[in-house]
Structures are given as C-alpha cells and as structure tokens.
Number of protein chains: 2
Amino acid sequence: MSNAYNRPDQLSPELRRRVLDTARRLGYPGPDPVARSLRTRKAGAVGLLLTENLSYAFRDPAAIGFLEGLALACEDAGTGLLLVPANPEREDVASVHRAGVDGFVVYSVPDDDPHLAAVLERPVPTVVCDQPDLGTVDRVGIDDRGAMYELAKHLIDLGHRRIGVVCMRLARDRNDGFVTPDRQHAAHFHVQRNRLSGLAEAFSEAGVDWSQVPVAERFDHNTASGASGAAQVLDRDPQITALICTSDVLALGAMNEAARRGLRVPHDITVTGFDGIRAGEEAGLTTVRQPVLEKGRAAGKLLLDTNERSRPRSVNLATELIIGKTSGPPRGGAEERWFGP
Amino acid sequence: MSNAYNRPDQLSPELRRRVLDTARRLGYPGPDPVARSLRTRKAGAVGLLLTENLSYAFRDPAAIGFLEGLALACEDAGTGLLLVPANPEREDVASVHRAGVDGFVVYSVPDDDPHLAAVLERPVPTVVCDQPDLGTVDRVGIDDRGAMYELAKHLIDLGHRRIGVVCMRLARDRNDGFVTPDRQHAAHFHVQRNRLSGLAEAFSEAGVDWSQVPVAERFDHNTASGASGAAQVLDRDPQITALICTSDVLALGAMNEAARRGLRVPHDITVTGFDGIRAGEEAGLTTVRQPVLEKGRAAGKLLLDTNERSRPRSVNLATELIIGKTSGPPRGGAEERWFGP
DNA sequence: CTGAAAGCGCTAACAC
DNA sequence: GTGTTAGCGCTTTCAG
C-alpha cells in the first residue's frame with residue numbers, strides 16, 4: 001500500500017488505482033506527512049530565519065527580492081519554505097527548535113541574535129546571508145565594505161569632503177540618533193558595520209576626520225526614517241554637500257527631506273543609496289546595485305545542494321556602482337575654488 | 001528529561017540546567033521536532049498555497065500585503081508559515097501531500113487547480129481566500145462584484161458609455177487577447193470573474209451592450225501587460241473614453257500607454273484600477289481600495305482560531321471606492337452635448 | 001506481488 | 001521528582 005502512494009512504478013497501474021480507490025473509500029486521507037518525515041528523515045522544507053520584524057521585511061524591497069530568489073530555488077527543488085517566527089522583542093527561541101526542516105537560511109539578523117545561536121545548534125545544514133562568515137556554515141553575501149568604498153571614492157572624486165550619513169539600525173536596541181565611533185565598531189549588523197567601515201576608510205584616506213562626520217542611525221527602515229535621519233544630520237551641519245544613506249529606502253526618504261527644505265538634488269546636495277531597488281532606479285538614485293534575487297537563489301542552491309559539503313563555502317556576489325542623477329559636484333566646490341583666496 | 005525541555009516549570013531550575021548541560025555535553029541536539037510533531041499531532045506550522053508563479057506573487061503588491069498579514073497572524077500565534085511549492089505548470093501535487101502542517105491557507109488560485117483539490121482532501125482545517133465560497137471550508141474575501149459595480153457607477157455618472165477593459169488571466173491557459181463572453185462566464189479565477197460581472201451588470205443597466213465592450217486579457221500581471229492590454233483595446237476602438245483595469249498594476253501600465261499615445265488622463269481618457277496599492281495612490285489612481293493586509297491577517301486568525309469551528313465561516317472585508325484624479329467626464333461628453341443636433 | 005515486523009524519536013501516562 | 005512503557009503512522013526490509 002505504501003508502494004501505491006510512493007512508487008507508482010513498482011506495481012501495475014490497475015492495481016494501484018484499485019488500492020487508492022479503496023483507501024479513499026475507507027476514508028484514508030493519504031500518508032501522514034509528519035510520520036513519513038520521521039521515518040525518512042526528510043522534512044521536505046527549509047527554514048528561513050528573518051529576525052527583523054516581519055512587517056519591515058515585507059516592506060523592504062531588498063528583503064522581498066531575497067525571499068523571491070530563495071522561494072524560486074525551493075520551488076525548483078520541490079521543497080517547502082518555512083518562515084520561522086522570530087520576534088526580535090521576545091527571546092523565544094522555541095520556534096527554532098520546533099521547526100521541522102532539513103536546513104536553515106538565516107538572513108540579515110544581528111550576529112548576537114539568540115535565534116541565530118539556536119539555529120547553529122540544530123544538527124542541520126545552514127547558510128547565513130548578509131552575515132559575517134562564521135567559518136562553520138555556508139555563507140552568501142556581497143562585499144559591502146568594498147562596494148561602499150567605491151561609492152565613497154566616486155563622491156570624493158566629485159569633490160565632496162563635508163558629508164553626513166544615515167544608516168539603518170546597528171544593534172538590537174533602538175537608537176534613533178547619532179552614532180558614536182564605538183557603536184559603529186561594535187555594530188551587530190554585519191552589513192551596516194561593513195558599509196560604514198568602507199565609508200570611513202575612503203574618507204579617512206581623503207583626509208576627512210571620520211570621527212567628525214555626523215552619522216544618524218534609525219531603527220525603523222522606511223522612507224520616514226530616511227527623512228528624519230537626513231533632517232537630523234542637516235540640522236547638525238547645514239554645510240554638508242553629500243548625504244550618504246546605507247540603503248535606497250533611506251535615501252528616498254532623504255530626498256524627500258531635501259525637497260522639503262528646498263534643496264535641489266544634486267545641485268545643492270548629493271544623495272546616495274545602496275541596494276539598487278526599483279523605486280531608487282526610477283528616482284535616478286546614485287547607488288550600489290546588488291543582486292538581491294540572486295542572493296536568495298544562491299542561498300537556496302547552497303543549502304539544497306547535497307553535493308560534497310566538504311568545507312563550508314563562502315560566496316560573494318558581484319555588485320555594481322550606479323551613477324545616477326542624484327550625485328554631482330558639491331555646490332561651491334571645485335569650480336568656485338578659482339575664486340578662493 | 002522530556003520535561004527539562006518542554007516543561008521548565010515542572011522541575012527545579014537547577015536540575016533543569018544540569019540535565020540540559022549533560023545532554024549538550026553528550027552531543028544531544030535537543031528533541032527532534034518531527035518526532036515531536038508526530039507524537040503531539042501538531043506541526044506548529046500552517047501551509048500557504050499560492051499557485052501563481054512565485055515570481056508574480058512576490059512582485060504583486062497586493063499578494064505581498066496579504067502575505068505580510070498572514071505572516072503577522074502566524075507570528076502572533078508562534079506558528080510557522082510554510083510556503084508550499086505549487087508550480088502551476090506541472091500538476092505535481094506531491095508537495096501538498098508532503099507538507100507537515102496543521103492547516104492550509106489557499107490564496108487566489110483558479111478554482112479548478114489540482115493543488116487546491118489536493119488541499120481539500122487533506123484532513124486539516126483550510127481557509128480559502130479570494131476564492132468562491134465552497135461551503136465546506138472557511139473563506140475570507142471581499143465583495144469584488146459589488147465593489148466593481150460601484151466603481152462602474154461612478155464612471156457611468158461621469159457620462160462614460162464607450163469603454164474598454166483590461167483584466168488579469170481568467171484561466172490556467174494563456175490567452176493574451178480579447179475575451180469572449182463565454183470565457184468571461186467560465187473564468188476560473190473567482191476575483192476576475194466577479195469584477196467583470198460587476199462591470200457587466202452596471203454598464204448593462206446603463207444601456208451599454210456589454211457584448212460589444214472590448215475586454216483584453218493578460219496572463220502576466222505587471223505594468224507591461226497593462227500597457228499592451230490598453231494598446232490592444234485602444235487599437236480596436238480609439239473612441240473609448242474610459243479604460244477600466246481589474247488591478248492597479250494593470251492600470252499603471254495602461255497610464256503609461258496612454259501617455260505614450262499622447263492621451264492626457266483624465267482629460268482625454270479615464271483610467272481606473274483595483275486594489276489600492278501604494279504606487280497607485282501616488283499616481284492618484286481612481287480605484288477600489290481593499291484591505292490586503294487585513295485579509296491575510298483574517299485568514300490566519302480564522303485558521304488558527306481553535307474555537308468552535310461549528311460551521312464554515314465566511315468573512316467579507318469592506319472596500320472603499322477611491323476617486324482619484326485619473327477619472328473625469330468623457331471628452332466631448334456632457335458639456336459638449338449642448339451643441340448636438 | 002503480498003504480509004509481517006522493526007523501529008524512526010518523541011511524549012504522555014502511569015507507577016514508583 | 002524519577003523510570004518505564006506504549007504507541008503516534010510511516011517506510012523499509014525480508015520472507016513468502
């Protein structure tokens with residue numbers, strides 16, 4: 001009978017039909033998937049750990065792209081994708097323990113997240129994404145630091161020296177305000193830490209005292225945060241010529257704030273983002289484009305690839321610097337220097 | 001020992017710690033979730049069936065909003081959400097059988113979808129969303145027909161009689177072209193069938209011969225489809241004064257096509273949508289707003305509500321007609337009638 | 001092709 | 001607070 005359901009080729013079609021018909025008539029609903037999973041040691045699903053508040057994940061175009069790519073990889077493999085509930089407020093790790101999955105993908109959680117620790121204790125393959133390389137599990141990501149360094153170079157070449165930054169949350173606690181250098185170094189979000197450090201390196205090399213650069217952090221990730229972060233930076237130093245945001249969503253918000261203040265972009269101020277989302281493209285944003293969908297797909301492939309998992313693998317995807325129309329030379333910059341002392 | 005993991009309160013904290021420490025030292029990874037699920041008869045997850053090609057789902061703002069609402073409800077309940085792979089191309093229903101879940105949510109699949117049939121055979125609670133009321137399982141949706149009827153009334157009041165329609169796919173087969181009345185009636189997508197029938201009713205009442213109204217169907221759901229559908233309709237009858245689309249995404253595409261032809265909206269042509277997505281709002285689209293997030297949340301609540309599931313429940317959420325700036329009186333309409341014969 | 005039996009790892013129940 | 005046991009429903013194996 002098991003054969004009738006699981007191995008149609010092992011018995012005559014006619015017999016198979018008879019068995020199945022009889023089973024249905026007897027009210028048998030088909031093999032119980034859980035019992036089957038226990039026996040075969042395959043859950044037929046992979047877990048996705050997204051610690052971020054779910055609302056933010058589903059409103060963040062980059063996260064959605066990642067999810068799409070991962071879902072695509074799962075669909076190709078005929079595997080389910082289990083969204084594991086992980087409320088960052090509560091430290092309730094039980095959901096990780098309860099997840100009947102063959103492996104985990106962990107996407108952009110703080111590196112001290114207890115859910116991540118719980119995943120790493122589970123005896124299943126794991127791939128972390130947009131996280132530090134743990135050495136023990138597979139990883140996929142991009143070179144956030146290098147990409148941001150390139151973007152900074154572009155701004156430096158344009159002549160920008162007096163800048164401000166708006167970044168996403170750096171740790172699990174809410175800090176809607178300026179960031180101390182200490183907090184930058186200690187940031188628990190790999191992506192943000194590296195983007196900031198790429199900026200710091202490039203501008204330091206250009207002779208800018210990074211410790212004097214205003215960096216505004218925002219816990220929530222939406223355009224309102226981008227606007228308020230930009231406002232805070234501009235209030236602190238109205239003379240800045242460029243506003244660098246660590247995501248396109250924040251940058252779009254910053255553009256709104258610039259418009260509100262009557263600042264023309266890029267004539268009066270340069271604004272840049274990071275991610276390469278659709279809305280940013282439409283706005284002509286200068287940014288770094290990263291292949292979010294491919295990232296999700298790569299994570300899924302890595303996890304589902306039963307092949308030699310000799311040593312943990314680490315994949316870096318390529319990014320592309322997009323020079324849009326929101327960046328230009330600083331006002332009163334190069335050209336006006338001719339009139340200087 | 002089971003108690004140490006599952007009932008921290010049934011034994012002294014100190015003993016609990018000792019047991020857990022020892023277990024870990026012995027390399028015990030914690031209770032196997034699958035075995036536990038078999039024993040307790042609880043999978044701790046609900047399945048989501050989204051037959052649409054996943055890429056479309058993740059690019060459709062309405063679907064994302066639904067997903068967010070559902071995920072929120074699951075998070076509140078500490079339940080996982082399993083995305084069940086259901087490629088509409090293949091009729092491979094095994095993934096539905098393999099899903100270890102305590103219930104299913106089925107979102108906007110054609111009513112003859114084999115995956116849906118497979119779900120209904122599983123002995124777990126199910127709620128269908130944006131589907132016909134099956135009478136046997138819970139349902140949540142909106143009054144698509146009534147909402148579209150109201151929208152049509154608005155256009156009729158403005159004076160529109162010569163109209164064209166662009167709609168989403170009506171069945172599982174690809175038909176990128178005009179729709180016959182037969183095909184409209186036989187449409188397998190509940191939502192589209194009802195929106196069209198609301199239109200047909202209102203315009204018929206206003207004396208329009210519905211069978212003469214050009215209705216262009218598009219399989220893919222994106223702005224390019226909206227544009228090409230609009231083009232097809234406008235090529236057929238350049239005299240139409242209003243282009244009614246069954247989704248905001250299609251309407252946004254139709255606006256692009258109108259612009260391409262040098263038609264000003266709403267002066268030269270009225271364009272309307274359905275859903276109330278963000279991008280439509282920003283474009284000032286006349287549309288019907290539906291609470292997509294609430295729909296997902298309601299579906300989750302219904303499924304997870306263990307309470308008296310006496311008879312199947314049916315929930316209709318309220319919609320709101322949004323009169324934007326893309327609808328206006330027809331050109332050469334009311335005001336010019338004064339100069340008529 | 002059929003039938004019987006073992007056992008996946010756990011939890012609940014009950015006896016100690 | 002501890003130990004033992006039955007059995008969740010399946011698949012696999014092995015004997016007929």
Side-chain angles (χ1 to χ4, degrees), chain A residues 1-45 47 78-80 82 93-104 118-119 121-125 306, chain B residues 1-45 47 78-80 82 93-104 118-119 121-125 306:
Chain A
M1 149 124 169
S2 176
N3 284 339
Y5 281 97
N6 302 324
R7 252 177 299 256
D9 44 317
Q10 296 277 306
L11 40 86
S12 67
E14 191 260 326
L15 172 61
R16 178 177 143 86
R17 253 186 36 79
R18 232 181 53 224
V19 172
L20 262 41
D21 275 8
T22 312
R24 169 164 319 179
R25 190 151 33 71
L26 264 39
Y28 177 70
D32 178 313
V34 176
R36 168 190 281 165
S37 287
L38 175 59
R39 184 61 235 244
T40 60
R41 328 235 40 147
K42 290 233 141 301
T79 303
L82 181 72
V93 158
S95 55
V96 172
H97 291 143
R98 235 192 306 266
V101 295
D102 300 320
F104 281 98
V119 164
E121 284 187 354
R122 292 267 315 249
V124 293
T306 55
Chain B
M1 149 128 172
S2 177
N3 285 337
Y5 281 97
N6 301 324
R7 253 177 296 258
D9 44 316
Q10 297 278 308
L11 39 87
S12 67
E14 191 261 325
L15 172 61
R16 178 176 141 88
R17 254 184 36 79
R18 235 180 53 225
V19 172
L20 262 42
D21 276 8
T22 312
R24 171 166 316 178
R25 191 151 32 73
L26 263 39
Y28 177 70
D32 179 315
V34 176
R36 168 190 280 164
S37 287
L38 175 59
R39 185 59 237 247
T40 60
R41 328 230 37 131
K42 291 235 142 301
T79 303
L82 181 72
V93 159
S95 55
V96 172
H97 291 142
R98 236 193 306 269
V101 296
D102 301 319
F104 281 98
V119 164
E121 285 187 352
R122 292 265 317 248
V124 293
T306 55

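Reminder, nothing fancy here: chain letters follow the sequence lines and each chain counts from 1.
- Contact annotation for A:S37: no contact, since no heavy-atom pair falls under 4.0 Å across all strands.
- When all heavy atoms of B:P33 and A:A99 are compared, the pair lying nearest together is CG-O, 3.4 Å.
- Comparing C:dT11, D:dC10, C:dC1 by their nearest atom to the side chain of A:A35 picks out D:dC10.
- D:dT12 atom C1' lies 16 Å from atom NZ of A:K42, rounded to whole Å.
- Within 4.0 Å of A:N6, counting heavy atoms only, lie sugar-phosphate atoms of the nucleic acid but no base atom.
- In this structure, the CZ atom of B:R122 is 14 Å from the P atom of D:dG9, given to the nearest Å.
- Residue B:Y5 is out of contact with every strand shown, counting any heavy-atom pair closer than 4.0 Å.
- Close to C:dC1, at under 4.0 Å from its OP1 or OP2, lies a side-chain N or O of A:S12.
- Dashed line: the shortest gap from a side-chain N or O of B:R36 to OP1 or OP2 of C:dT11 is under 4.0 Å.
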Could you list the donor-acceptor pairs under 3.5 angstrom formed by side chains in residues 19-27 of chain A, with sequence neighbours left out?
{"from": "A:T22", "atom 1": "OG1", "to": "A:R18", "atom 2": "O", "distance (Å)": "2.7"}
{"from": "A:R24", "atom 1": "NH1", "to": "B:E121", "atom 2": "OE2", "distance (Å)": "3.4"}

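- Summarising the geometry, the separation between CZ on B:R41 and P on D:dC10 is reported as 9 Å, rounded to the nearest angstrom.
- At whole-Å resolution of the value, CZ in A:R39 and P in C:dA6 are 13 Å apart.
- Atom CG of A:D32 and atom P of C:dC8 are 18 Å apart (whole Å).
- Between the CG atom of B:L38 and the P atom of C:dG7 there is a distance of 17 Å, rounded to whole Å.
- Using modelled atom types, one side-chain atom of B:D102 and one backbone atom of B:A43 make a donor-acceptor pair closer than 3.5 Å.
- Side-chain contact check for B:L38 versus A:R39: every heavy-atom pair is 4.5 Å or farther apart.
- Nearest to the side chain of B:P31, among D:dT11, C:dA12, C:dC10, sits C:dC10.
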